[in-house]
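Here is the structure we will look at.
Note that the structure is predicted; figures quoted are calculated from it, not measured.
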Amino acid sequence: MKEEQVQDSNEIKDQAINENQAADEAEAAQDNGSSAAEETFEEASESGESVKRLQALAEEHQARALRVQADYDNFRRRTLKEKEELAQYATSKLVNELLPVLDNFERALATAPASADSEAFSKGVNMIFRQLEGVLKSEGLTAMETVGQPFNPEYHQAIMQVESDEHEEGIVTEEVQKGYLLKDKVLRPAMVKVSM
């Protein structure tokens, strides 16, 4: 019987030890579970921050790409407009250099002598002048109408103010040198006298 009691007490001890071990293991598992949960939470928060950083970076890159695309569109439109203007006003330099020739033709015709000998010569010069004028008009050159118009600094260059009974103040009374427009752009402003 003693043996049985010893065996029973050994079994009880073993059982108590097993229970303690099970409790320790359960406690350790609980600690491990909570630390695993904490690690999972930390990983999730780190991954959430990482996701936020990546989203911010993606938004920044998308905004940059949109700006580059907008800059390219603006550049393309600007170069297209410059090409159109260049084509439209490509002759402006040549026309501008021909304006003094046109002025000299007008002066020559205004001072041509009225003798019978020079009439044929004057008629020939007049034909050449009309031909040159026609070519320049076909390129878009037009003379400004200035006399009687209000003074406009965009189109007129005032060289003198004169007293005038016929015109109100600020009206162009006389044109000293013609002004010209090439299509819709001022090629040369008219030199004028303005009433005061």
What distance separates [X] [atom1] from [Y] [atom2], expressed to the nearest 0.5 Å?
{"X": "Met144", "Y": "Gln149", "atom1": "CE", "atom2": "CD", "result": "11.5 Å"}
{"X": "Gln55", "Y": "Leu57", "atom1": "CD", "atom2": "CG", "result": "11.0 Å"}
{"X": "Leu86", "Y": "Thr79", "atom1": "CG", "atom2": "OG1", "result": "12.0 Å"}

Considering all heavy atoms, the nearest [X]-[Y] contact:
{"X": "Lys193", "Y": "Val162", "value": "CD-CG1, 4.2 Å"}
{"X": "Val95", "Y": "Leu136", "value": "CG2-CD2, 4.0 Å"}
{"X": "Pro150", "Y": "Ile171", "value": "CA-CD1, 3.9 Å"}
{"X": "Ser195", "Y": "Ser164", "value": "CB-CB, 3.9 Å"}
{"X": "Ala158", "Y": "Val194", "value": "CB-CG2, 3.9 Å"}
{"X": "Phe151", "Y": "Val172", "value": "CA-CG2, 4.2 Å"}

Would [X] end up clustered with [Y] when hydrophobic side chains under 4.5 Å apart are linked, directly or stepwise?
{"X": "Val68", "Y": "Phe75", "value": "no"}
{"X": "Phe121", "Y": "Leu109", "value": "yes"}
{"X": "Leu141", "Y": "Leu132", "value": "yes"}
{"X": "Val101", "Y": "Ile128", "value": "yes"}

>> I'd like to know whether Phe129 forms a side chain to side chain contact (heavy atoms under 4.5 Å, CB included) with Leu102, so could you lay out the CA-CA distance, the side-chain angles of the two residues, the decisive distance to 0.1 Å, and finally the verdict.
In response: CA-CA 7 Å; Phe129 171 70; Leu102 200 62; 3.5 Å; yes
For [X], look at atom [atom1] and say whether over 12 heavy atoms of other residues, nucleotides or ligands are found less than 6.0 Å away.
{"X": "Lys137", "atom1": "NZ", "answer": "no"}
{"X": "Glu60", "atom1": "CD", "answer": "yes"}
{"X": "Glu145", "atom1": "CD", "answer": "no"}
{"X": "Gln177", "atom1": "CD", "answer": "yes"}
{"X": "Glu119", "atom1": "CD", "answer": "no"}
{"X": "Phe105", "atom1": "CZ", "answer": "yes"}

> Is a side-chain N or O of Arg188 found less than 3.5 angstrom from the main chain of Leu99, in a donor-acceptor match?
Replying inline: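 Such a contact is absent between Arg188 side chain and Leu99 backbone.
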> Got a donor-acceptor contact below 3.5 angstrom from the Asn104 side chain to the Pro100 backbone?
Replying inline: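 Present.
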>> According to side-chain contact (heavy atoms from CB on, under 4.5 Å), who are the partners of Lys185, at least two apart in sequence or on a separate chain?
In response: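 Only Tyr89 meet the side-chain contact (heavy atoms from CB on, under 4.5 Å) criterion with Lys185.
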> For residues Glu139 and Thr91, is any side-chain donor paired with an opposing acceptor at under 3.5 Å?
Replying inline: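 The criterion, which ignores hydrogens and geometry beyond distance, is satisfied for Thr91 and Glu139.
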> Hey, which of Arg78, Arg76, Arg77 is the one that makes side-chain hydrogen bond (donor to acceptor under 3.5 Å, both in side chains) with Asn74?
Replying inline: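 When side-chain hydrogen bond (donor to acceptor under 3.5 Å, both in side chains) is applied between Asn74 and each of Arg78, Arg76, Arg77, only Arg77 qualifies.
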Are any non-hydrogen side-chain atoms of [X] and [Y] less than 4.5 angstrom apart?
{"X": "His61", "Y": "Arg64", "result": "yes"}
{"X": "His156", "Y": "Met191", "result": "no"}
{"X": "Leu181", "Y": "Tyr155", "result": "yes"}
{"X": "Gln131", "Y": "Met127", "result": "no"}

> Are Lys52 and Glu49 within salt-bridge range, i.e. N to O under 4.0 Å?
Replying inline: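 Salt bridge flag = no for Glu49 with Lys52.
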>> Please identify which of these residues, Ile159, Thr146, Val192, meets the side-chain contact (heavy atoms from CB on, under 4.5 Å) condition with Val176.
In response: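 Exactly one pass, corresponding to Ile159.
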> Would Glu133 and Arg130 satisfy side chain to side chain contact (heavy atoms under 4.5 Å, CB included), going step by step from the backbone distance to the final call?
Replying inline: CA-CA 5 Å; Glu133 194 175 46; Arg130 297 291 167 221; 2.9 Å; yes
